[in-house]
Amino acid sequence: EEAESIYSRRLVTNELLLFTAHCSLLTLSAMRQLKIAIVLLVAIALPSGLAAIWRPLASFDLVLVMVVYFALQREPLNALFIGAIGGLATDALGGGLLGSGGFSKVLTAYAVYFVASRVMLDTTLLRIPVLAAAALIDNLVYFGMNRLLGQSTSMPFAQALSYRLVATTVLGTILLYVHDNYFSDK
């Protein structure tokens, strides 16, 4: 009877430890999702603030950088959700064709994840062409959808593409480098 009592106490102790570990994992996951949501809100609001400083800086697409980051981390659901929500919010705030930004970012997230799942793209040097290709895909799909549906854009295609390509690639590379070296858990 005493052996049974010791066994049942150990079993209860083990179950409590597992429950505590599970609760702490849920809390960490919820905190991580909250951090992602806050950064996404900043990314959505950032272009209007940057436009006040210098107009070409508004071409920097932080939502796309987030999409590429999560796709490169092989977290496709986060990348797809961030792309869809960020793109739709940007469309709604920007007054453009609603859904075109969301669709272009989701398609870009899928393309980057597809390549990243087959090729190791974990170095900063390899992220530069990935960010440039992602900016190119995103803009081609966005402008293509607007053109296809008869919507005009505020800037000529070549000018908007070059501004977004350069700004997103350069600033995105710097941000990802700073994040990896100073804020990452690696």
Side-chain angles (χ1 to χ4, degrees), residues 32-73 75-113 124 127-184:
R32 183 170 187 269
Q33 294 301 324
L34 180 65
K35 283 193 288 188
I36 291 170
I38 290 170
V39 172
L40 182 59
L41 286 174
V42 169
I44 291 168
L46 190 67
S48 60
L50 289 177
I53 297 171
W54 188 43
R55 183 75 183 134
L57 278 179
S59 298
F60 174 55
D61 194 351
L62 185 56
V63 174
L64 183 64
V65 173
M66 287 181 67
V67 165
V68 169
Y69 173 76
F70 283 105
L72 288 175
Q73 295 300 316
E75 297 181 27
L77 288 179
N78 278 340
L80 293 172
F81 280 127
I82 289 169
I85 293 168
L88 284 172
T90 305
D91 290 340
L93 293 174
L97 181 63
L98 190 62
S100 60
F103 179 72
S104 66
K105 288 192 181 14
V106 165
L107 192 64
T108 304
Y110 178 75
V112 172
Y113 173 72
T124 304
R127 287 183 180 174
I128 295 170
V130 170
L131 273 169
L136 182 67
I137 292 169
D138 181 53
N139 285 301
L140 286 174
V141 171
Y142 179 79
F143 279 101
M145 285 186 64
N146 280 302
R147 183 92 163 158
L148 183 68
L149 298 173
Q151 298 289 321
S152 62
T153 55
S154 60
M155 209 183 288
F157 171 71
Q159 183 181 6
L161 178 66
S162 60
Y163 280 168
R164 286 193 177 189
L165 186 70
V166 171
T168 302
T169 303
V170 171
L171 294 175
T173 301
I174 292 169
L175 277 177
L176 290 178
Y177 179 77
V178 168
H179 176 270
D180 283 348
N181 286 329
Y182 300 107
F183 300 109
S184 181

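- Considering all non-hydrogen atoms of both residues, V63 and A43 come closest at CG2-CB, 3.8 Å.
- Pairs of residues two or more places apart, or lying in two chains, that qualify as side-chain hydrogen bond (donor to acceptor under 3.5 Å, both in side chains) and include a residue from residues 169-178 are Y177-N181.
- Looking at every heavy atom in both residues, V67 comes nearest to A109 through CG1-CB, 3.3 Å.
- With sequence neighbours excluded, the residues that form a side-chain contact (heavy atoms from CB on, under 4.5 Å) with L107 are F103, V141.
- Residues forming a side-chain contact (heavy atoms from CB on, under 4.5 Å) with A160 (at least two apart in sequence, or on another chain): F143, M155.
- The closest donor-acceptor contact from the side chain of S162 to the backbone of Q159 lies under 3.5 Å.
- For A133, there are no side-chain contact (heavy atoms from CB on, under 4.5 Å) partners, not counting sequence neighbours.
- Note that OH of Y69 and CG of L175 are 12.0 Å apart. Values are rounded to the nearest 0.5 Å.
- Here the CG-CG distance, from L171 to L176, works out to 11.0 Å after rounding to the nearest 0.5 Å.
- Take F81 and apply the ring-ring contact (aromatic ring centres under 6.0 Å, His included) test, not counting sequence neighbours, and it matches no residue.
- To the nearest 0.5 Å, atom NZ of residue K35 and atom CG of residue L40 are 15.0 Å apart.
- Listed by first and then second residue, the side-chain hydrogen bond (donor to acceptor under 3.5 Å, both in side chains) pairs involving residues 88-103 amount to none (not counting sequence neighbours).
- Pairs engaging residues 158-173 under the salt bridge (charged side-chain N to carboxylate O under 4.0 Å, His left out) rule: none recorded [sequence neighbours left out].
- Annotation for A58 and P47: closest pair CB-O, 3.7 Å, computed over non-hydrogen atoms.
- Note that CE of M66 is 4.0 Å distant from CD1 of I82, once rounded to the nearest 0.5 Å.
- For D138, the side-chain hydrogen bond (donor to acceptor under 3.5 Å, both in side chains) test picks out S104, K105, with sequence neighbours left out.
- You'll find the side chain of L165 stays beyond 4.5 Å of the side chain of N139, heavy atoms only.
- Here E75 pairs with R32, N78 under the side-chain hydrogen bond (donor to acceptor under 3.5 Å, both in side chains) rule; sequence neighbours left out.
- One finds the CG atom of L64 at 13.5 Å from the OH atom of Y142 (value rounded to the nearest 0.5 Å).
- Between G99 and L88, the shortest heavy-atom contact is CA-CD2, 3.7 Å.
- Not counting sequence neighbours, the partners of A71 by the side-chain contact (heavy atoms from CB on, under 4.5 Å) test are A79, V112, Y113.
- Taking both residues in full, the closest heavy atoms of A89 and I44 are given as CB-CD1, 3.5 Å, listed atom of the first, atom of the second, then distance.
- Residue L136 holds its CG atom at 11.5 Å from OG1 of T168, rounded to the nearest 0.5 Å.
- Here salt bridge (charged side-chain N to carboxylate O under 4.0 Å, His left out) pairs that include residues 144-156, with residues two or more places apart or in two chains, number zero.
- Between I137 and A111, the shortest heavy-atom contact is CD1-CB, 4.2 Å.
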Exercise. May I have the step-by-step check of side chain to side chain contact (heavy atoms under 4.5 Å, CB included) for T124 and R127, ending in yes or no?
Key: CA-CA 5 Å; T124 304; R127 287 183 180 174; 5.5 Å; no
